[in-house]
Structure formats: structure tokens, C-alpha cells
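The structure displayed is predicted, hence computed values, not measured ones.
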Amino acid sequence: MTGRDCQAADSQLDLFRADYALRERISARARNLRIEVRSDREVVLVYPRWVPRAEALAFLHSREAWVRDKLAELEVRAPVPARARWDGTDEILFGGQLVPVCIEPATLRQIQVRLEPEVVTVFAPPATCREPARLERALRHALMRRAQTLARQLLDAEAARLGVRWHALLVRDPRTQWGSCGPDGTISLSWRLVMAPAAAFRYVVVHELCHRVHMDHSPRFWALVERQMPDFEVHKRWLNEHGPRLLHYLPPRRRA
């Protein structure tokens, strides 16, 4: 998902597209030209309706060096995915807050995970406490189940408010988008949204459900998103700024 996207840049920007995804956004609120550089190697060119497109593209060309510097800076700042240590020092984002991950030996046959706003506790048989792969898998599955439960609740509530229907829910772990909506009403969401603030999770759900009315990112689409969630820009910005942190935790293990 991106901003109020118009068409992709034309052929004169092939050089830009080779290094990052470029989107244009014509804004009724903007007073000046501006460039937004996102952590997922996306660059958004924002310009007021009264500014000719050619002038906006020329402005982007004039700022090419700055854009590349910002992309390089964000790449350096992006956290490198790391494995949990399972030594009592691990933390994870949950509901937008950084909380400790505690492991508790227990007389259980299977690992159980308790998710609370202040702490995430993993109860595991003593022998399993020395098996990081199994502990990570159990924690990831618990977070995915919570994400699925919250997503269904949000989809039902927001679909009713919007007056649309959704067909099916897929909770996955995509690396490039938080959600998508298929033509048949199938909604796909990233389980990592459970790590984000509740309002950011809701924004993604609202965004995808609005595609049940407008299957594009036209001004009509964004007007509908704003009608359903007037402060959506705040939560979209949170995901743009903190998205890499969500991808930092519990990275998928590579298959041998």
C-alpha cells in the first residue's frame, strides 16, 4: 500500500525505477512540492493539483542526489533481522509496544504461549527450552493466531460500517505489503500487523475493505478511506516509518 497513488512515472524515469519504486500523489491539501523517501525503497512524489506534472518531475530530477542519499541512510539504519536468544533478554513489538519475551519451564507436552500487553510468556517443557527453532515457531504461530482473530473482528466491524462484504481471510508473512484485496473479496493481511498499534492494524483493514468499492488508489478511493478513518494518515505514516522494525522480529528460517 502506498499513498494516494496515481499512475507510475513515465519512461523518462527509468533510471529511478531501477533503484526504487516511484509513486506520484496529487494532493488537494499540499501547498508545495515534496518528496517522501520510504524505508521499503519507495519514493513518493507529492504535488498540488495546480502544479503541472512536468514541473513536478523536473523537481524530482533536481533532487536525485538527495533521494539516493536518503535511501542509503535508511538502509544503514534499518535493523538487521536477528534470532531470539531465549536467555531472558529478548523483547518484541506487540500492539505497538516493546515487551519482554519470557520463557518458563513447565510440565507440558506442547509449548504454550501467553500474549499479554505487558509481557509475552512462552511455557515450554524443560528439554524444549534448548530448542530455539521450536520456540520461535511456537511464538510465531501464537502471534499469527492472534492476528487472525483480531483481523476477523476488524473485518466484520469495518465491513458492516462500510456496507461491503469480504469473502475470505489469508494471514501470511509478505515482505513488501501489509495487505491486499482480491477481486473476489479475499483479504490478505500480514500477521506482523499484530505487532503494530491497534489503530495501524485497523487502518490496513479499512484500506483493503475500501478496495471492495474502488479497486484502485484513485481520489475517490482515498476519500472513502478518509471518511471511514479521518486520521488514517497518522497510522499509515507509522507503518511507513516503523515497518522495518516489524520485519526485524522472528524472521523466517531458511530451508536447508
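- Between the CZ atom of Arg245 and the CE atom of Met195 there is a distance of 11.0 Å, given to the nearest 0.5 Å.
- Here the closest heavy-atom approach between residue Tyr249 and residue Glu91 is recorded as CE2-O, 3.4 Å.
- For CD of Glu116, the number of neighbouring non-hydrogen atoms (other residues, nucleotides, ligands) closer than 6.0 Å is greater than 12.
- Rounding to the nearest 0.5 angstrom, the gap separating the OG atom in Ser190 from the CG atom in Leu170 is 12.5 Å.
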Where do Tyr203 and Asp231 land on the side-chain contact (heavy atoms from CB on, under 4.5 Å) test, with the steps shown first? CA-CA 9 Å; Tyr203 158 64; Asp231 61 346; over 6 Å; no
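- Shown here for Val120 and Ile92, the closest heavy-atom pair between the two residues is CG2-CG2, 4.3 Å.
- Leu250 and Arg140 get closest at one heavy-atom pair: O-NH2, 3.2 Å.
- In the hydrophobic clustering of ILVMFWY residues, with side-chain heavy atoms under 4.5 Å counting as a link, Val213 and Leu155 come out together.
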Might you work through the side-chain contact (heavy atoms from CB on, under 4.5 Å) test for Arg34 and Arg63, ending with a clear yes or no? CA-CA 10 Å; Arg34 73 174 185 273; Arg63 302 284 285 167; over 6 Å; no
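- For the pair Cys181 and Arg212, the tightest heavy-atom approach, listed with the atom from each and the gap, is SG-CD, 3.7 Å.
- In this structure, Leu193 and Leu239 have side chains that are in contact, with non-hydrogen atoms separated by less than 4.5 Å.
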Would you check, one step at a time, whether the test side-chain contact (heavy atoms from CB on, under 4.5 Å) holds for Leu115 with Val194? CA-CA 11 Å; Leu115 303 172; Val194 77; over 6 Å; no
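- Of the listed residues (Phe221, Trp178, Phe201), just one forms a ring-ring contact (aromatic ring centres under 6.0 Å, His included) with His207, and that residue is Phe221.
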Go through the steps for Val119 and Phe94 under the test side-chain contact (heavy atoms from CB on, under 4.5 Å), then give the verdict. CA-CA 9 Å; Val119 63; Phe94 182 56; over 6 Å; no
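- Under a hydrophobic-cluster definition in which Ile, Leu, Val, Met, Phe, Trp and Tyr are linked whenever side-chain heavy atoms come within less than 4.5 Å, directly or via other members, Leu139 and Ile111 are assigned to the same cluster.
- The 12-atom threshold is not exceeded at CZ of Arg172, counting heavy atoms of other residues, nucleotides or ligands nearer than 6.0 Å.
- Between Leu93 atom CG and His248 atom NE2 the span is 9.0 Å, to the nearest 0.5 Å.
- Trp66 contributes atom CH2, which lies 10.0 Å from atom CG of Leu60 (distance to the nearest 0.5 angstrom).
- For Trp86 against Val122, the heavy-atom pair with the smallest separation is CZ3-CG2, 3.9 Å.
- The backbone N or O of Thr128 lies less than 3.5 Å from no partner atom in the side chain of Arg134, so there is not a single donor-acceptor pair.
- Separating the CZ atom in Phe59 from the CD1 atom in Ile35 is a distance of 4.5 Å, to the nearest 0.5 Å.
- Using cut-offs of 30° and 60° on the angle between ring planes, the pair Trp222 and Phe232 is parallel.
- The closest side-chain heavy-atom distance from Asn32 to Val51 is not below 4.5 Å.
- Leu162 places a side-chain heavy atom less than 4.5 Å from the side chain of Cys210.
- Formation of a donor-acceptor pair under 3.5 Å by the Arg202 side chain with backbone atoms of Leu154 is not found in this model.
- Side-chain atoms of Arg192 come within 3.5 Å of backbone N or O of Leu246 as a donor-acceptor pair.
- Val164 and Val204 fall within a single hydrophobic cluster, where Ile, Leu, Val, Met, Phe, Trp and Tyr side chains are chained together by heavy-atom contacts under 4.5 Å.
- Under a cut-off of 6.0 angstrom, the local environment of CZ in Arg85 is crowded, with over 12 non-hydrogen atoms contributed by other residues, nucleotides or ligands.
- Glu24 and Tyr47 share a side-chain donor-acceptor pair at under 3.5 Å.
- When the side chains of ILVMFWY residues are joined at heavy-atom separations under 4.5 Å, either directly or via intervening members, Phe123 and Val113 end up in two distinct hydrophobic clusters.
- In this structure, the separation between CZ on Arg237 and NE2 on His235 is 10.0 Å, given to the nearest 0.5 Å.
- For the residue pair Leu189 and Gly179, the shortest heavy atom distance occurs at CD2-CA, 4.1 Å.
- Counting only heavy atoms from C-beta outward, the side chains of Val205 and Ile187 never approach each other to under 4.5 Å.
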